[in-house]
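In this text the structure is predicted, and so the values were computed from the model without any measurement. The chain is numbered in sequence order, starting from 1.
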Amino acid sequence: MIKPFRTSIQSGQQLNGLLITVPSPELVEIVSTAGFDWLFFDLEHSAMGIETLQKLLRCVSDSCLAAVRVPEPSPAYVAKVLDAGAEGVIFPRISTEEQARKAVALCKYPPLGNRGVGLSRAQGYGNTFSEYLKVANERIACILQIEDEKGARNASQISAVEGVDALFVGPYDLSMSMGIPGEVAHNSIKKIIRNLPEVVSDHTGLGILTADMALYREYADLGYNLIACGIDTQLINNGAKKLISSVKNTAK
C-alpha cells in the first residue's frame with residue numbers, strides 16, 4: 001500500500017533525500033536502505049523513462065519514500081508516474097496560483113481533482129484498487145518547484161492552494177531566470193531562499209537541493225524540511241575519487 005508522503009511532510013519532520021538520475025535498480029536498492037527518508041527520481045533531466053521508473057520504484061525499500069519530477073504538468077505523465085507507484089509528484093517551473101491548482105488536480109482523484117483511473121502497479125493491478133482509492137488523495141504529495149522570480153513573488157498564493165504540500169526551490173534555475181547563471185550563492189538568490197519561510201502557508205513544507213553541509217544546516221534552521229542533500233552521480237564521483245586517491249597515497 002502507498003506510503004504517506006503527504007503526511008510526513010505535514011508533520012514537519014526533517015526528510016533527507018537523494019536525487020536519482022542514474023537508471024540503476026541496484027543503485028536505488030542500495031541508497032534506499034542507507035538511511036535516506038526519500039528519493040527524488042528525475043524524469044526531467046535524466047535518461048529515465050516510465051518503464052525504467054517502474055522498475056526503479058520496485059527497488060525502493062519500505063522505509064523510504066519516492067517522489068518523481070515530471071518533465072511537464074501533463075495528465076499522461078502524472079498518471080503514469082502515480083500508477084507506477086510514486087508517493088509524490090514534483091512539478092517544475094510553477095510560477096502562478098493557476099498552475100498550482102492544475103498540478104494539484106492532476107494528483108487527486110475526483111472530486112478533489114481529475115486524475116484518471118488506472119489498474120497498474122500502484123493499485124496492485126486491480127487487486128487493491130479499493131484500498132488505494134481510499135487513501136491516495138490523503139497520502140500522495142504534490143510538490144511544486146519555485147524556479148523563477150515570478151514563482152518566488154507568488155509563493156504565498158501558490159502555497160495557499162489547497163492540496164499543495166511543499167514548495168521546492170531550484171537555485172540554479174532561479175539564477176538563470178535572474179540573469180546570474182550558476183551564481184547560486186548570489187545575494188539575490190539567498191534573499192529568496194531566506195524569505196520563503198516567511199511567506200508560505202503554515203501547512204506547506206519547504207524543500208531545496210544542497211550537498212553543502214553548512215548550507216544544509218542553514219536551510220534546516222530556516223524551516224526547510226524536505227532537503228535533497230546529494231545526487232547519485234555526485235556520490236559515485238566523489239567515492240571513486242576518494243578511493244583512487246587513497247590507493248595512490250598508500251602505494252607511495
Side-chain angles (χ1 to χ4, degrees), residues 2-3 5-6 8-9 15-24 27-28 31-32 36-60 64-96 99-100 102-108 115 122 139-148 151-152 155 158-159 163-177 184 204-211 224-235:
I2 186 170
K3 289 168 277 187
F5 204 159
R6 185 168 187 250
S8 297
I9 294 174
L15 300 171
N16 299 312
L18 181 71
L19 180 60
I20 301 294
T21 63
V22 178
S24 165
L27 175 65
V28 171
V31 299
S32 72
F36 291 103
D37 300 299
W38 68 292
L39 298 181
F40 177 147
F41 291 90
D42 190 5
L43 290 190
E44 184 185 18
H45 293 297
S46 77
M48 272 181 228
I50 295 295
E51 289 184 15
T52 302
L53 173 69
Q54 181 160 294
K55 294 175 183 176
L56 299 180
L57 291 174
R58 285 194 180 102
C59 298
V60 179
C64 191
L65 299 159
V68 180
R69 176 161 62 185
V70 292
E72 58 186 42
S74 72
Y77 270 121
V78 176
K80 288 180 180 180
V81 161
L82 291 176
D83 287 345
E87 289 119 10
V89 182
I90 301 172
F91 293 88
R93 300 179 299 280
I94 299 298
S95 303
T96 67
Q99 291 173 331
K102 179 182 178 182
V104 170
L106 291 174
C107 293
K108 305 286 188 183
R115 178 184 172 187
R139 292 190 178 186
I140 289 170
C142 179
I143 303 165
L144 311 183
Q145 286 203 271
I146 300 299
E147 300 185 285
D148 59 25
I158 291 170
S159 70
V164 171
D165 299 305
L167 302 186
F168 196 96
V169 181
Y172 282 93
D173 282 296
L174 261 178
S175 71
M176 293 294 289
S177 77
V184 295
T204 308
L206 278 172
I208 197 166
L209 167 67
T210 183
Y224 286 77
N225 67 317
L226 188 68
I227 301 180
C229 43
I231 306 172
D232 53 4
T233 50
Q234 186 180 50
L235 285 183

Are side-chain heavy atoms of Thr210 and Tyr224 found at a separation under 4.5 Å? no
With rounding to the nearest 0.5 Å, note down the distance linking CZ in Phe91 to CD in Glu44. 12.5 Å
Heavy-atom check, side chain of Phe5 versus side chain of Ile140, under 4.5 Å: no
Just by modelled atom types, is the Asn16 backbone N or O under 3.5 Å from a matching donor or acceptor in the Asp37 side chain? yes
Spacing of Glu147 atom CD and Ser175 atom OG [to the nearest 0.5 Å]: 10.5 Å
Is the shortest heavy-atom distance from the side chain of Val89 to the side chain of Tyr77 under 4.5 Å? no
Any donor-acceptor pair under 3.5 Å linking the side chain of Gln99 with the backbone of Ile94? no
Other residues, nucleotides and ligands only: do more than 12 of their heavy atoms fall within 6.0 Å of NZ on Lys108? yes
Which atom pair, heavy atoms only, marks the closest approach of Ala100 to Val164? CB-CG2, 4.3 Å
Keeping the roles fixed (side chain from Gln145, backbone from Arg93), state whether a donor-acceptor pair exists under 3.5 Å. no
How far does CD1 of Ile9 sit from CG of Asn225, to the nearest 0.5 angstrom? 7.0 Å
State, with a plain yes or no, whether a side-chain heavy atom of Ile20 is found less than 4.5 Å away from one of Met48. yes
Distance check, rounded to the nearest 0.5 Å: Leu226 atom CG versus Thr204 atom OG1? 12.0 Å
Tell me the closest heavy-atom pair linking Ser32 and Leu39, and the distance in Å. CB-CD1, 3.9 Å
Going by heavy atoms in the side chains, are Leu209 and Tyr172 under 4.5 Å from each other? no
Closest contact, heavy atoms only, Leu56 versus Ser24: CD2-C, 3.5 Å
Nearest atoms (heavy-atom pairs only) where Trp38 meets Ala228: CZ2-N, 4.0 Å
Assess the residue pair Val28 and Leu57 against the criterion (side chain to side chain contact (heavy atoms under 4.5 Å, CB included)); give the C-alpha distance rounded to whole Å, side-chain angles, the decisive distance to 0.1 Å, and a yes or no. CA-CA 8 Å; Val28 171; Leu57 291 174; over 6 Å; no
Interatomic spacing from CD1 in Ile227 to CG in Leu206 - rounded to 0.5 Å: 9.5 Å
Is a side-chain N or O of Asp42 found less than 3.5 angstrom from the main chain of Val68, in a donor-acceptor match? no
Correct closest heavy-atom pair for Arg115 and Asp83 would be NH2-OD1, 3.0 Å
NZ of Lys55 to CD1 of Ile50: how many Å apart, nearest 0.5 Å? 13.0 Å
Could you check Arg139 against Asp165 for salt bridge (Lys or Arg N to Asp or Glu O under 4.0 Å), going step by step and ending with a plain yes or no? CA-CA 10 Å; Arg139 292 190 178 186; Asp165 299 305; over 6 Å; no
For Lys80 and Leu43, run side chain to side chain contact (heavy atoms under 4.5 Å, CB included): C-alpha distance rounded to whole Å, both residues' side-chain angles, the deciding distance at 0.1 Å, then the answer. CA-CA 12 Å; Lys80 288 180 180 180; Leu43 290 190; over 6 Å; no
State, with a plain yes or no, whether a side-chain heavy atom of Asp232 is found less than 4.5 Å away from one of Val31. no
Val60 and Lys3: side chain to side chain contact (heavy atoms under 4.5 Å, CB included), yes or no, with the steps? CA-CA 11 Å; Val60 179; Lys3 289 168 277 187; 4.1 Å; yes
Check Leu167 against Ala155 and note the closest heavy-atom contact, atom names and distance. CD1-O, 3.9 Å
By the definition side-chain contact (heavy atoms from CB on, under 4.5 Å), identify the one residue from Ile90, Leu18, Thr21, Ile231 that meets it with Phe40. Ile90
Given the rule in the side chain to side chain contact (heavy atoms under 4.5 Å, CB included) test, do Ser46 and Phe41 qualify, once you have shown the distances and angles that lead to the verdict? CA-CA 9 Å; Ser46 77; Phe41 291 90; over 6 Å; no
